[in-house]
Amino acid sequence: MSTLEIKDLQVQVQTEDGPKEILKGVTLTIKDGETHAIMGPNGSGKSTTAYSIAGHPKYTVTGGEVLLDGENVLEMSVDERARAGLFLAMQYPVEVPGVSMSNFLRTAKTALDGEAPKLRTWVKDVNGALDRMKLDTAFSSRSVNEGFSGGEKKRAEIAQLDLLDPKFAILDEIDSGLDIDALKVVSDGINAYAAREGKGLLLITHYTRILRYVKPDVVHVFVDGRIAESGGPELADELEANGYEKYVSTPAAGV
Amino acid sequence: MTVTETAESAVSSALEQSRVESHLNPPASYDLADHPVPTGREEVWRFTPLKRLRGILDGAASTADLVREATLPEGVTLSAISAAEALALGELAPNERPAALAAANADGALLLDVPAEAVVTEPVVIRLSGSSVDDLVWGRLLYRIGAHAEVTIVLVHSGSARYCAISSFLVGDGAKVNVLSLQDWDDDAVHLGRDAIRVGRDASVKHTSVSFGGDLVRMHANVEYAGPGGEAELLGLYFADEGQHLEHRLFADHNAPKTKSHVVYKGALQGKGAHTVWIGNVLIRKVAEGIETYEENRNLVLTDGCQADSVPNLEIETGEIEGAGHASATARFDDEQLFYLRSRGVSEKEAQRLVVHGFFNDLIRKVDIALVEDQLLATVEAELAKNVLKDDA
């Protein structure tokens, strides 16, 4: 049994006008086997939640805790968090010129497993993961994300999810900028991962579209740095029909 | 890495500038009176710590020499010639004091001769090594590559010396030449080198300068053209450590139409007082219609206390150009790149290592000399071990 617990998480960022509070106390618990979706208008703190859990230096946690199977994630370095079993698929994957995807993936897998993957099966695994994302195997010799289209970057993120096989995956707007075909490919990849034994998924999205392909067990609505409402998949349907208006116009309704 | 592009200059805007004397590129002359001892305030000397030249500019006579070891494939010869013969062959005259001193003080010259139409598959390798920084060595080298010949030349400097050399590459029409000069000196060496290349009609030349070692290294790579259609690719890689001064000065003189120059220099700096200088001068003369030029310098600053100076200069005297541009960027590690790699479980040091190798990899691949590729990668790795990968770093 695995659990990712986020308890009363409070996060600041530095701005030109001094520190700004983005998360004002977020609490949610994901158990393995569950898919949670976080939805909400721009600026509500969705991405901040994702990057804070992954340990991005831009965000300062001022209160609360994040526990992965009882271990305090916030005391870990970025790479320790990954080795503990967390994975963040980024909205804007970063280009790393001169570093090939294959070198990067092998280095990451070695770091996660504590030993280098077996060469013969590894090449097959990489090619398989790329193939499932409809990426040419030539991608493994290209520099990490360099010159990839927006859609290719997102598919490469899911190929990494497939290969690196974390306990918990946080996907930050993996659906943004994807056409419908790419969205289906990416969704298939997410569902294949979620179907594995003992995996938990936190899917952050602005749109309900992806939730037609990736079915959440729980939907949270973020407004102004807090969870304004949580519910089942029907909450996504309601958002699709009515948008965020009711939350935005009554921000005081937050928990 | 995050880069701040400076002066990605469009030709049209540069054309509005009035004509300026090319003070950056003093006229060539063998007469030492034309190259007075610098005070350090001159534009061409202002970045160089003159004291650390350890008296080279005084131009004392010396009979010291470097130990030379050459691997010469069949058909290629290396021989001693007189100063008069060097001039007769068309040596490219010195355009600064050290080169003029080298021409004046060297005992004759060395000529590497590659006959016309020779296709030399194995690289020519010349290893020069010194034994003490107390030795002052004057060097004068000529490389004559015949028309339509193809050759790769690797020059390796190691050990220690105060070495001041003038080198001329006379590249025949239609020839293809790949030259690499590796400055792999001991910590105390001082090296002033001027490589000048005359590119024949329709010839293509790749020249790479790699500087790792030495207390002070100041290298010129100058290109001019003997006719239209010539192409020059000038590459450079340097890694400056604590207290090191590594300076690379480029000059592409587009004196013929339909010629090309492409410059890419990349450097990394680490440790207190590490100083690199890159000067990229390009002159497009009135006659040089339809030319293309691009120059780029990128520096990666790995620790505090380093200084990277980077100055691209473009002087344009004709409007009929295919393309001209330059870029210069100096940056530290990009937090976003490191975060991305670390979010996949890669440790901070390993992430930095990947980024630095990535930074240099493209360039090393461009150099395209199998003989030195592993050595360059290994040296980058060894340099990284000094700071980035150090256990207590």
Side-chain angles (χ1 to χ4, degrees), chain A residues 50-59 76-114 141-147 153 156-157 159-161 163-167 169-170 172, chain B residues 1-3 5 235 237 239 264-268 296-300 302 327 329-368 373-374 376-377 380-381 383-384 388-389 393:
Chain A
Y51 283 89
S52 303
I53 296 170
H56 194 288
K58 183 175 148 193
Y59 301 97
M76 302 178 193
S77 68
V78 175
D79 42 294
E80 282 170 344
R81 296 177 198 208
R83 293 198 292 275
L86 289 175
F87 178 91
L88 171 63
M90 300 186 197
Q91 187 182 355
Y92 302 107
V94 181
E95 300 187 355
V96 191
V99 178
S100 69
M101 282 296 281
S102 66
N103 186 12
F104 161 58
L105 290 169
R106 188 165 23 81
T107 304
K109 190 67 174 174
T110 304
L112 292 170
D113 292 359
S141 60
R142 289 175 62 178
S143 292
V144 175
N145 293 318
E146 194 181 40
K153 284 181 181 170
E157 293 287 281
Q160 290 176 45
L161 173 67
L163 282 165
L164 303 180
D165 196 34
K167 276 192 211 167
I170 303 166
D172 184 27
Chain B
M1 137 193 17
T2 330
V3 294
E5 298 287 344
L235 305 175
L237 191 165
F239 212 127
V264 183
Y265 268 63
K266 283 188 169 184
E296 176 182 344
N297 174 229
R298 294 189 188 277
N299 295 295
L300 187 55
L302 303 180
T330 297
R332 293 176 168 273
F333 275 122
D334 181 343
D335 286 343
E336 297 299 325
Q337 282 182 345
L338 295 182
F339 175 72
Y340 185 79
L341 296 170
R342 295 181 68 194
S343 77
R344 302 308 190 238
V346 179
S347 70
E348 182 173 21
K349 284 180 189 175
E350 188 66 16
Q352 291 178 334
R353 185 176 163 271
L354 279 175
V355 168
V356 173
H357 273 289
F359 179 70
F360 286 124
N361 273 349
D362 289 354
L363 190 78
I364 290 173
R365 241 175 271 141
K366 264 190 202 143
V367 169
D368 195 28
E373 194 163 312
D374 287 347
L376 295 183
L377 290 170
V380 169
E381 187 68 25
E383 290 286 349
L384 283 173
V388 171
L389 300 180

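All chains are named by letter (A, B, ...) in the order of the sequence lines, taking the proteins before the strands, and each is independently numbered beginning at 1. All of these numbers come straight from a predicted model, not from anything done at the bench.
Between Phe339(B) and Gly55(A), the shortest heavy-atom contact is CE1-C, 3.8 Å. In terms of heavy atoms, Gly345(B) sits closest to Ala82(A) at N-CB, 3.2 Å. Of all non-hydrogen atoms in Arg342(B) and Ser77(A), the two that sit nearest each other are NH2-CB, 3.5 Å.
Taken from CG in Leu86(A) to CZ in Arg344(B), the straight-line distance is 11.5 Å, to the nearest 0.5 Å.
Evaluated for a side chain to side chain contact (heavy atoms under 4.5 Å, CB included) with Gln337(B), the options Val144(A), Val99(A), Asn145(A), Val94(A) yield exactly one hit, Val94(A).
Counting heavy-atom pairs under 4.5 Å between each of Arg83(A), His56(A), Gln160(A) and chain B puts His56(A) at the top. Top candidate by heavy-atom pairs under 4.5 Å with chain B, chosen from Met90(A), Glu80(A), Lys58(A), Arg81(A), is Met90(A). No other option in Val346(B), Leu363(B), Asn361(B), Asp362(B) has as many heavy-atom pairs under 4.5 Å with chain A as Val346(B).
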- request: Take Thr107(A) and Leu354(B) through the test side chain to side chain contact (heavy atoms under 4.5 Å, CB included) and record every step on the way to the result.
  value: CA-CA 9 Å; Thr107(A) 304; Leu354(B) 279 175; 4.1 Å; yes
message: If you apply the rule side chain to side chain contact (heavy atoms under 4.5 Å, CB included), what do you find for Glu336(B) with Tyr92(A), and how did you get there?
response: CA-CA 10 Å; Glu336(B) 297 299 325; Tyr92(A) 302 107; over 6 Å; no
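Contacts between Leu88(A) and chain B at a heavy-atom distance below 4.5 Å involve backbone atoms as well as side-chain atoms. In this structure, chain A has a heavy atom under 4.5 Å from the side chain of Glu350(B), while its backbone stays farther away. If you measure heavy-atom distances from Pro93(A) to chain B, the contacts under 4.5 Å come from both the backbone and the side chain.
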